[in-house]
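Take a look at the structure set out below.
As the structure lists them, so they are numbered: ligands from 1, and atoms in each ligand from 1.
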Amino acid sequence: MAANGDGFSNASMENLTGHVEKRPISTIVFIVAMQKEAQPLIERLRLVKDVNSPFPKEVAWILFKGMYKDLNINIVCPGKDSALGVDSVCTVPASLVTYASIQALQPDLIINAGTAGGFKAKGASICDVYIVSSSAFHDRRIPVPVLDLYGVGMRKAFPTPNLIKELNLKVGRLSTGDSMDMSPHDKESITANDATVKDMEGAAVAYVADIFKVPTILIKGVTDIVDGNRPTSEEFLENLAAVTAQLDESITKVIDFISGKCLSDL
Ligand code: ADE
C-alpha cells in the first residue's frame with residue numbers, strides 16, 4: 001500500500017518498537033510503455049480495462065486491473081499520443097503515469113516491464129530477460145559539479161536476490177534515454193553507466209518511485225543488439241512479438257514468486 005513518507009512502504013513498515021512488520025505484498029502496479037508489450041499478460045491474468053479510470057479525463061492513460069491469486073494487479077500504459085496515434089513511449093509519459101499511479105493506486109511494489117536494446121559485449125542476446133540492478137540516464141549531460149551526477153541519476157533497483165536465484169534470471173544495469181538510436185555521446189555515457197541494457201523509460205520510473213519510496217523492480221526483454229550489425233528499428237520490430245511472449249512468461253513466474261511473500265522475502 002502507500003508509501004508513508006518515512007522511507008518505508010506499508011508492506012515493510014517499521015513499527016514504533018523498531019520491529020519490521022512483515023505483511024505480504026498486496027498491490028502491484030506495472031508500468032508498461034506499449035500496450036502491445038503488456039497484452040499477453042493482460043490476457044493471461046484476465047485483467048480488465050478500468051472504465052472508471054482514476055486518471056484525469058484529458059489523458060489517454062489506460063489501467064487494466066484484476067486479482068491474480070492474492071495480488072491486486074494493475075497494468076498502466078500511457079496509451080496513444082493524441083496527435084499521432086502511436087504509443088506514448090519515452091521518459092515524460094513514463095514519469096507522469098508513474099506519479100499518477102502511485103497517487104491513485106498506492107502500490108506496495110512497482111514493476112517497470114518492457115523491451116530494451118542489449119549489448120552483446122556485456123553478454124546480452126535476443127530474447128534474454130533481465131532483472132535490472134541499477135538504472136541511470138545517458139542523455140542528461142550537465143558538465144557542472146554535482147549537476148553532472150544529478151543528470152546521470154543512478155538509482156539502485158529494489159534488491160531481489162531470492163527472486164533472481166529462484167528464477168535464474170540474468171542481471172544487468174540499465175541505461176535510459178529518449179532515443180532508440182545511439183549517438184556517440186550516448187555511447188560514451190552508456191559505457192560510463194556500465195549498462196547491459198538500454199531503454200527509454202526505466203530510469204524515469206525509478207526516479208519517480210524513489211521520491212515516494214515505493215520499491216521498484218525493472219524487468220527488460222532484449223529485442224535488439226545495440227552493438228550488433230543490424231539496424232535497431234528493423235531488429236526491434238522483427239523480435240517484438242517473440243520478446244513480448246518471453247517477457248509474459250518471465251513476468252508470470254515473477255508474480256507467482258511474489259504471491260504470498262513480503263518485500264523482504266524477495
Ligand atoms: N527498446 C527496445 N530496443 C531499444 C533500444 N535499442 N534503445 C532504447 N529502447 C529500446
How close does the nearest protein non-hydrogen atom get to [atom], and which residue and atom is it?
atom: atom 4 (C) of ligand 1; value: Gly117 N, 3.3 Å
atom: atom 7 (N) of ligand 1; value: Lys198 NZ, 2.8 Å
atom: atom 2 (C) of ligand 1; value: Thr223 OG1, 3.3 Å
atom: atom 3 (N) of ligand 1; value: Asp224 OD1, 2.6 Å

Taking only heavy atoms of [X] into account, list the atoms of ligand 1 that are under 4.0 Å away from them.
X: Phe236; result: 2 (C)
X: Thr115; result: 1 (N), 2 (C)
X: Thr232; result: 6 (N)

| field | Charged N-O contact under 4.0 Å between Lys22 and Asp265 | value |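 Yes, this pair counts.
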
| Beyond-backbone contact of Ile225 with Arg230, side-chain heavy atoms, under 4.5 angstrom |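 When only atoms from C-beta onward are counted, Arg230 and Ile225 do not touch, as no gap falls below 4.5 Å.
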
| query | Does Lys156 make a cation-pi contact with Phe158 (under 6.0 Å, within 45 degrees of the axis)? | reply |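 No; the conditions do not both hold, so Lys156 does not lie above the ring face of Phe158.
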
| Passes salt bridge (Lys or Arg N to Asp or Glu O under 4.0 Å), Asp87 versus Lys80? Steps please. | CA-CA 4 Å; Asp87 288 308; Lys80 303 289 184 196; 3.2 Å; yes

| query | Parallel, tilted or perpendicular: which fits the ring planes of Phe55 and Trp61, with parallel below 30° and perpendicular above 60°? | reply |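 Rings of Phe55 and Trp61: perpendicular, over 60°.
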
| Within the side chain of Asp210, is there an N or O that forms a donor-acceptor pair under 3.5 Å with the backbone of Ala206? |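 A pair under 3.5 Å: no.
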
